[in-house]
Every structure is written in C-alpha cells, then in structure tokens.
Amino acid sequence: ARVVVLASGTGSLLRSLLAAAVGDYPAQIVAVGVDRDCAATGHAEAAGVPSFKVALGAYPDRAAWDAALTESVAAHEPDLVVSAGFMKILGPEFMARFGGRIVNTHPALLPSFPGAHAVRDALAYGVKVTGSTVHLVDEGVDTGPVLAQEAVVIEDDDDEATLHERIKTVERRLLVEVLAAVATRGVVSDGRKAVIPK
Ligand code: GRF
C-alpha cells in the first residue's frame, strides 16, 4: 500500500515507520507532509522520501489550507494516510477525500484524554494506567473508531517527558504493526467499531 505520513513534531514515530517500510513491509511510505519546519522533513530526506510543507499561515483561511493539503497529499495517490504527531485537525475537504483511510496515533487510551495534551492530562488526573491508541480518523478530534490500544503504567516519579517517551516506545511498535495489518487486510468498520480481519 502507498502511504503518506503527516507529521509536525520530532518525527520519532515517522522515523519508526520509515525504518519499518523497507523490503516486503506492505506499507511503503511514498511522501511525508508537514505543516511547519520540523525534524520530520529531515527524517524523510534521510530515507530518500519526498516531503512537502503546507503551512496554515501561508493561506488566507483554513478552507484554503484544507484544499492545499488535500491536493498535496492526493498528488502522491496514497492508499492510506497516517497522522503521526500531526498537530492539526484535518478539514472537511481532506476528510471527504481520504476519510476511512486515515490512521492516527494518540498518546492515551481513548476516549480518555483526547486533545493535544493527553500525556499532561493523564498525569494531572492521577490515573495509574494510560497508554497508546491507534484509530481511524473521523470528523471529530480523536473520536474515530479504535484499531488498537496498549496500556502503559504511570510511575510515581513520572513527569510528562518520561511518560510520553515510554508511551511513544509502545506507539512506534503498535503503529508499525497496525499499518502492516491494515495495508494487507484492510479495515471493516461499521460506524463506531473498526475491525482488521484476521
Ligand atoms: C506522539 O505521541 C503522537 O501520538 C502524538 O504526538 C506525538 C508525536 O511524537 N500525536 P513524534 O513527533 O513522532 O516524536
């Protein structure tokens, strides 16, 4: 399957996907899209994968940005889009074009702690277990059907950085596994539930 990865952060999830996407791994990364200058571009270049930037600030409004991002991603004819730390909500035009084929990772056990500060929120709440969720993206924020989850225990001396790094260690493995499964066996989703056929 042809995969376009969207990233905004340090790109450590992207780096894991690039490292996995060699040989007969079923999900080949054909391009990387970013919304700002970030390390993800460097990881793409290092792997010989083309990258493109669609920065919100370069467009008159969000609809124009949504159209530009949709066009930039569509140019690579992806079968799947992976949001790996892409810190923007995907717009209606993008969802119309790629909905049902967009996978996201979230550093909490959804529906707990949605949004941009999941790790900080879990720590602040005082839960003993959090984790990683891989899900299909729908029009909401972190609300799409769940594909895979794995728990991560919070240690008493954890801070946001140590906990997030431990969650990312799980995410990197989970995302690579889920992407391979979805790429080879697809996803059957009826609204709320999504199942990757065995
Ligand atoms: C990951 O924890 C992801 O779940 C969240 O943003 C983080 C991205 O990390 N959405 P990185 O930029 O790939 O290191």
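These values consider heavy atoms only, across backbone and side chains, with no hydrogens, waters or symmetry-generated copies. In each ligand, atom 1 is the first atom listed, and ligand 1 is the first ligand listed.
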Checklist entry - At a 4.0 Å cut-off, with the gap strictly under it, does some heavy atom of Arg15 reach an atom of ligand 1? => result no

Checklist entry - Are any non-hydrogen side-chain atoms of Thr105 and Ser83 less than 4.5 angstrom apart? => result no

Checklist entry - Tell me, which protein residue and heavy-atom name are nearest atom 4 (O) of ligand 1, and how many Å apart are they? => result Glu171 OE2, 2.3 Å

Item to check | Spacing of CD1 belonging to Ile29 relative to CG belonging to Leu18, to within rounding of 0.5 Å | outcome: 4.0 Å

Item to check | Atoms of ligand 1 close to Thr105 [distance to a heavy atom under 4.0 angstrom, numbered from 1] | outcome: 3 (C), 4 (O), 10 (N)

Checklist entry - How close does the nearest protein non-hydrogen atom get to atom 8 (C) of ligand 1, and which residue and atom is it? => result Gly85 CA, 3.6 Å

Checklist entry - Can you find an N/O atom of Gly11 closer than 3.5 Å to an N/O atom of ligand 1? => result yes

Checklist entry - If you group Ile, Leu, Val, Met, Phe, Trp and Tyr by side-chain heavy-atom gaps below 4.5 Å, do Leu174 and Leu6 land in one group? => result no

Checklist outcome for this item: A student checking ligand 1 against Ser12 at a 4.0 Å heavy-atom cut-off should list atoms 11 (P), 13 (O), 14 (O)

Checklist entry - Are Arg172 and Glu150 close enough for a salt bridge, meaning some N to O gap below 4.0 Å? => result no

Next on the checklist: Centroid separation under 6.0 Å, is that true for the rings of Phe52 and His76?
Outcome noted: yes

Checklist entry - atom 5 (C) of ligand 1: which of Ala7, Ser83, Ala39, Pro107 has the nearest heavy atom? => result Pro107

Next on the checklist: Checking the N or O distance criterion of under 3.5 Å, is ligand 1 in contact with Leu13?
Outcome noted: yes

Item to check | His164, Lys168, Glu165: member with heavy atom nearest to atom 2 (O) of ligand 1 | outcome: His164

Item to check | Sub-4.0 Å atoms of ligand 1 with respect to non-hydrogen atoms of Thr10 | outcome: 11 (P), 12 (O), 14 (O)

Checklist entry - Is it true that Val103 and Met95 fall in one hydrophobic cluster, defined by side-chain heavy atoms closer than 4.5 Å? => result no

Checklist entry - For Leu147 and Ala194, which heavy atoms make the closest approach, and how far apart are they? => result CD2-CB, 3.7 Å

